[in-house]
2 protein chains.
Amino acid sequence: MASIKDVAAEAGVSVATVSRVLNDHPSVSADARARVLAAVEALGYRPNAVARSLRTDQTRTLGLVISDVLNPYFTTLARSVEEEARALGYSVIIGNADEQPDLQDHHVRSLLDRRIDGLLVSPTDGGSPLMLDTARGGTPMVFVDRWIPGVDVPVVRADGRAAVRDLVAHLYGLGHRRLAIVAGPAATTTGSERVEAFREALAEYGLPLPDAYIGQGDFQAESGRRVTDTFLDLAEPPEVVFAADNLMALGALDAVRARGMRVPGDIALAAFDDIPWFVHTDPPVTAIAQPTGELGRAAVRALVDMIEGRPPQSVTLAARLVVRRSCGEPAAPTATSAQPPVTNRSTS
Amino acid sequence: MASIKDVAAEAGVSVATVSRVLNDHPSVSADARARVLAAVEALGYRPNAVARSLRTDQTRTLGLVISDVLNPYFTTLARSVEEEARALGYSVIIGNADEQPDLQDHHVRSLLDRRIDGLLVSPTDGGSPLMLDTARGGTPMVFVDRWIPGVDVPVVRADGRAAVRDLVAHLYGLGHRRLAIVAGPAATTTGSERVEAFREALAEYGLPLPDAYIGQGDFQAESGRRVTDTFLDLAEPPEVVFAADNLMALGALDAVRARGMRVPGDIALAAFDDIPWFVHTDPPVTAIAQPTGELGRAAVRALVDMIEGRPPQSVTLAARLVVRRSCGEPAAPTATSAQPPVTNRSTS
DNA sequence: CGCAGGGATGTAATCGATTCCATGAACGAA
DNA sequence: TTCGTTCATGGAATCGATTACATCCCTGCG
């Protein structure tokens with residue numbers, strides 16, 4: 001593969017001049033520029049990004065460590081991240097942690113070894129020593145979707161509180177009183193927050209959230225199946241299962257179907273994270289939709305701001321409820337039936 | 001960030017010695033090795049992969065250019081590719097072409113600039129000049145899923161012919177006679193092959209494949225919707241729509257539903273590529289499943305063989321039909337009804 | 001006419017590793 | 001004792017770029 005020296009020789013100039021025209025430095029004569037460009041063309045020369053990075057100490061590459069590539073939510077996120085990065089002149093390297101802290105660390109380390117300019121992470125856990133060191137060590141870093149409390153890193157995420165409240169209102173309006181949740185790992189912010197938001201919303205309606213109705217999942221389909229099974233084995237099974245992500249909802253659907261039961265007739269189902277497939281499932285699944293594309297773009301902008309020395313901004317966007325049929329027939333247009341009882345409302 | 005010089009200074013040895021212990025070269029005294037290791041530990045030193053790559057002319061990185069990250073098929077493929085690569089000591093950088101040849105070229109170029117050791121591609125088109133040059137230029141390269149005819153590059157793919165024949169048998173057995181296909185881009189091998197296989201299988205049953213029943217899609221959901229719409233507008237619409245990939249099947253489902261029609265009652269649907277969601281759609285979709293995981297692993301092995309100087313192997317695996325409910329009630333266990341008429345059969 | 005200033009260009013240092021080659025020490029054989 | 005090996009180590013070249021600095025030439029002004 002041709003190097004800058006070959007180009008210099010071909011054009012009859014020094015490597016410095018070649019480098020100057022490549023980086024369009026002003027003081028190059030029109031003549032020299034033309035000869036260099038011709039040589040570049042003739043040799044099919046492409047600058048070696050490795051060598052350039054070594055010298056300039058920047059790779060114009062961003063690392064993105066996501067929790068699970070098989071999850072359409074993260075895949076959508078990855079896509080918008082790559083698009084925005086490309087628009088800003090950066091490439092992105094994706095690492096898939098598969099919800100395993102070890103794998104996550106592996107990818108962070110490998111990305112750091114490659115000297116990426118900045119890191120976008122959606123942590124699978126509460127923060128390994130490596131992650132903490134990296135954050136403190138001055139590597140530009142932004143958390144997206146999930147974050148680690150107590151670490152001074154900008155966070156770009158969606159707030160599902162209001163949407164969860166809307167969901168509970170919807171369920172209450174439909175007459176459901178026994179609501180259960182398939183939670184994500186407590187070590188992740190999204191894992192614990194969604195349970196909290198759910199609990200608070202239930203409280204507004206005077207509804208309890210017994211421990212038996214909190215199932216511990218890990219954001220992957222199999223755990224949704226398992227937890228839903230234990231729910232269904234209960235003496236008094238819940239009327240609704242709320243899965244804290246789309247994959248666990250899929251598992252829940254499997255578990256219900258495996259028993260020959262129907263959604264929403266025998267049990268209702270709702271999910272956090274909306275994805276195109278939910279329109280086509282049987283029945284279409286009521287879900288809380290995050291503004292995934294905007295999340296990815298905002299995260300990249302924050303990270304690039306950091307890299308280029310501008311102050312980065314944490315961003316919180318709102319999620320919203322998308323009602324479909326998995327919880328029963330949609331509520332009547334008048335929303336009065338969904339109002340919480342007055343007494344409980346005032347105590348919240 | 002600490003460099004090898006810092007480690008050398010800390011350990012009181014030369015950089016050469018540090019490099020030797022890092023690459024466990026045999027002739028280093030136990031004493032020196034211990035001191036270097038201690039220094040590495042103390043400084044939290046990690047070798048700069050950029051510098052190392054420049055010197056050794058290898059990055060231990062594979063490039064993977066896929067046609068569409070939002071397609072679960074490719075996402076599953078990407079995952080298995082990354083796993084196998086990791087097992088063999090390589091990282092992978094994924095580029096998403098989004099079915100656009102320009103974007104595909106952009107990623108290939110960017111990967112080449114980064115001096116990846118080898119390239120895995122699932123081409124979106126018949127081969128840009130860049131792609132052809134790259135293949136000829138000696139960069140280790142393997143095609144996966146789709147390939148470009150006439151280019152001397154190993155191919156790892158699934159052969160769907162037999163499964164398509166099984167599908168047609170299934171449809172014929174169910175009494176369907178007017179079968180249509182939503183094809184992929186003719187420039188892709190999977191686009192044209194699936195149509196051909198379908199046409200041949202129909203011929204075995206004496207069924208025609210009129211032009212009006214061949215819709216031109218682009219492997220993305222929206223095209224499935226559009227094509228299905230034109231099918232439904234026909235004076236004599238088909239009884240079955242076979243989508244050449246899962247995303248177009250999704251679009252077809254949308255189109256059918258938008259008209260208030262039901263699958264399979266009003267029209268039957270089948271898809272190429274099976275994905276977990278098809279179990280949960282309404283109705284569950286009959287599909288042709290590829291051994292995606294094995295495909296990804298075989299592709300990586302072939303590519304690494306090439307990189308490391310061993311002769312690479314093209315691999316073709318079989319796809320298989322998974323019958324669900326989207327084409328009508330499953331055929332009776334006795335498969336006799338699905339036999340093609342004798343006369344036609346002998347001509348095939 | 002002489003000199004300052006600025007534009008075009010080249011030489012060489014540099015980034016952080018790997019690796020060839022030279023050197024010196026230790027040791028066994030003659 | 002001396003010589004030839006072998007082992008451990010360090011010095012320095014090298015990979016392919018970028019860039020500080022030096023040089024040379026031209027132009028314009030006093």
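Chain identifiers are assigned alphabetically (A, B, ...) following the order of the sequence lines, protein sequences preceding nucleic acid strands; residue numbering begins at 1 within each chain.
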Can you list the residues that meet the salt bridge (Lys or Arg N to Asp or Glu O under 4.0 Å) rule with B:Arg109, with sequence neighbours excluded?
none
Tell me what A:Val50 touches on the nucleic acid: a base, only sugar-phosphate, or nothing, going by heavy atoms under 4.0 Å.
nothing
Of residues 26-36 of chain A, the positions that come close to DNA chain D - non-hydrogen atoms, cut-off under 4.0 Å:
none
Under the salt bridge (Lys or Arg N to Asp or Glu O under 4.0 Å) test, which residues partner A:Asp57, sequence neighbours left out?
none
With sequence neighbours excluded, residues passing side-chain contact (heavy atoms from CB on, under 4.5 Å) with A:Thr134:
A:Val108, A:Leu112, A:Leu119, A:Leu130, A:Thr139, A:Met141
Any side-chain donor near an acceptor of the partner, B:Asp68 and B:Gln220, under 3.5 Å
yes
Between CG of B:Leu54 and P of D:dA13 the distance, given in whole Å, is 17 Å
For A:Arg46 and D:dA17, give me the distance from atom CZ to atom C1', rounded to whole Å.
14 Å
Just the table, please: protein N/O against nucleotides 19-27 of chain D N/O, every pair under 3.5 Å.
none

For the residue pair B:Val156 and B:Phe143, establish whether any side-chain heavy-atom pair is separated by less than 4.5 Å.
no
Donor-acceptor contacts, no H, no angles, side chain residues 70-78 of chain B, under 3.5 Å, sequence neighbours left out:
{"unit_1": "B:Asn71", "atom_1": "OD1", "unit_2": "B:Tyr73", "atom_2": "N", "d": "2.9"}
{"unit_1": "B:Asn71", "atom_1": "OD1", "unit_2": "B:Asn246", "atom_2": "ND2", "d": "2.9"}
{"unit_1": "B:Asn71", "atom_1": "ND2", "unit_2": "B:Asp245", "atom_2": "OD2", "d": "3.3"}
{"unit_1": "B:Tyr73", "atom_1": "OH", "unit_2": "B:Asp145", "atom_2": "OD1", "d": "3.0"}
{"unit_1": "B:Tyr73", "atom_1": "OH", "unit_2": "B:Gln290", "atom_2": "OE1", "d": "3.2"}
{"unit_1": "B:Thr75", "atom_1": "OG1", "unit_2": "A:Thr75", "atom_2": "OG1", "d": "3.3"}
{"unit_1": "B:Thr75", "atom_1": "OG1", "unit_2": "B:Val69", "atom_2": "O", "d": "3.3"}
{"unit_1": "B:Thr76", "atom_1": "OG1", "unit_2": "B:Pro72", "atom_2": "O", "d": "2.6"}

Listed by chain and number, what are the side-chain contact (heavy atoms from CB on, under 4.5 Å) partners of B:Arg114, not counting sequence neighbours?
A:Thr61, A:Ser91, B:Ile93, B:Ser110
Side chains of residues 293-306 of chain A: which donor-acceptor partners sit under 3.5 Å, not counting sequence neighbours?
{"unit_1": "A:Glu294", "atom_1": "OE1", "unit_2": "A:Arg297", "atom_2": "NE", "d": "3.4"}
{"unit_1": "A:Glu294", "atom_1": "OE1", "unit_2": "A:Arg297", "atom_2": "NH2", "d": "3.4"}
{"unit_1": "A:Glu294", "atom_1": "OE2", "unit_2": "A:Arg301", "atom_2": "NH2", "d": "2.9"}
{"unit_1": "A:Asp305", "atom_1": "OD1", "unit_2": "A:Arg310", "atom_2": "NE", "d": "2.8"}
{"unit_1": "A:Asp305", "atom_1": "OD1", "unit_2": "A:Arg310", "atom_2": "NH2", "d": "3.0"}

For the helix from C:dC1-D:dG30 to C:dA30-D:dT1, figure out the bend between the end axes, five pairs an end, and round to 10 degrees.
60°
Please find the earliest and latest nucleotides of DNA chain C, in the 5' to 3' direction, that have an atom within less than 4.0 Å of any heavy atom of chain A.
C:dA8 to C:dG16
B:His25 atom NE2 is separated from D:dC7 atom P, nearest whole Å, by 10 Å
Between B:Arg136 and B:Asp152 (salt bridge meaning N to carboxylate O under 4.0 Å), is one present in this structure?
no
Side-chain polar contacts of residues 33-44 of chain A - donor-acceptor pairs under 3.5 angstrom, sequence neighbours left out - could you list them?
{"unit_1": "A:Arg35", "atom_1": "NE", "unit_2": "A:Ala11", "atom_2": "O", "d": "3.0"}
{"unit_1": "A:Arg35", "atom_1": "NH1", "unit_2": "A:Asp31", "atom_2": "OD2", "d": "2.5"}
{"unit_1": "A:Arg35", "atom_1": "NH2", "unit_2": "A:Ala11", "atom_2": "O", "d": "3.3"}

For DNA chain C, which residues in residues 106-114 of chain A have a heavy atom at a distance below 4.0 Å?
none
